[in-house]
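Here the structure comes first, spelled out in structure tokens, and everything after it is commentary.
Values below: every heavy atom of this structure, side chains too, minus hydrogens, waters and symmetry copies.
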Amino acid sequence: MAVVYISMGSNIDRTRQIIAGVDALRKHFGTLQLSSVYECEPVGFVGDNFYNLVIKVETDKTPGDVGNLLKHLEQQQGRIDFSKKFSPRMMDLDILLYDDLIMEDPVQIPRDEIPHNAYVLQPLAEIAGELIHPQLQKSYQQLWQDYDKHKQQLRKVPFTWPMN
């Protein structure tokens, strides 16, 4: 089984979308490990703040199959236009890591935004701090410690998950 880390974000109906997204991932992958939920301002456009978290799953699916599943789940949650990079999102799901793989196609792994965006790096460091970035050869905890915290401000959200 491969260990996969997935970033999740939403800035439209955030609480409902995050809960629905986690429920959908649980149906497909079973047990999940969740980071805290963080709130941050949008990057690259003006809009409502995002809720973001990172989720660890284990799977026997290929990276391409996981990527296709995430796109399908985004569509189920109402995402329509995949061409706009910096825009509001009902649901945004991205593979960050898939074991120690380094690849560009069919999906980019590790995702190049990891060391550049606090909303990805801090929750990843929270649940996978000891892991080593396969290209940068630094732990995610070290990358977070070295990150310029003035670039992006995050706020941990006291998030209450519904009982299933």
Asp94 side chain to Leu96 main-chain N or O, any donor-acceptor pair under 3.5 Å? no
Between Glu126 (side chain) and Ser36 (backbone), is there a donor-acceptor pair under 3.5 Å? yes
So [Y] and [X], do their side chains get closer than 4.5 Å, heavy atoms only?
X      : Y      : answer
Leu34  : Phe159 : no
Leu143 : His133 : yes
His28  : Leu73  : yes
Gln145 : Gln142 : yes
Met8   : Val22  : yes

Exceeds 12 heavy-atom contacts within 6.0 angstrom, atom CG of Asn49: yes
Once rounded to the nearest 0.5 Å, what's the spacing between atom [atom1] of [X] and atom [atom2] of [Y]?
X      : Y      : atom1 : atom2 : result
Asp92  : Phe50  : CG    : CZ    : 7.0 Å
Leu124 : Gln141 : CG    : CD    : 10.0 Å
Ile18  : Asp23  : CD1   : CG    : 11.5 Å
Leu121 : Tyr140 : CG    : OH    : 9.0 Å
Ser7   : Asn52  : OG    : CG    : 7.5 Å
Ile102 : Gln135 : CD1   : CD    : 4.5 Å

What are the two closest non-hydrogen atoms of [X] and [Y], and how far apart are they?
X      : Y      : value
Pro106 : Gly64  : CG-CA, 3.6 Å
Arg155 : Pro158 : NH1-CD, 4.3 Å
Ile95  : Gly67  : CD1-N, 3.6 Å
Leu154 : Ala118 : CD1-O, 3.2 Å
Leu69  : Lys61  : CD2-CE, 4.1 Å
Pro110 : Pro134 : CG-CG, 3.9 Å

Using the rule that Ile, Leu, Val, Met, Phe, Trp and Tyr join whenever any side-chain heavy atoms are under 4.5 Å apart, tell me whether Ile132 and Ile127 fall into a single cluster. no
Do the numbers put Lys138 on top of the ring of Trp144, so that NZ or CZ is under 6.0 Å from the six-membered ring centre and no more than 45° off the axis? no
So among Glu113, Gln153, Glu39, Gln152, which one has a side chain to side chain donor-acceptor pair (under 3.5 Å) with Tyr119? Glu113
Between Leu131 and Asp100, does the side-chain contact (heavy atoms from CB on, under 4.5 Å) criterion hold? Intermediate values first, please. CA-CA 9 Å; Leu131 293 182; Asp100 288 332; over 6 Å; no
Is a salt bridge present between Asp148 and Lys151, judged by a nitrogen-to-oxygen distance below 4.0 Å? no
With Leu97, which of Val4, Ile114, Val3 fulfils side-chain contact (heavy atoms from CB on, under 4.5 Å)? Ile114
side-chain contact (heavy atoms from CB on, under 4.5 Å) assessment of Val120 paired with Tyr5: CA-CA 10 Å; Val120 173; Tyr5 290 86; over 6 Å; no
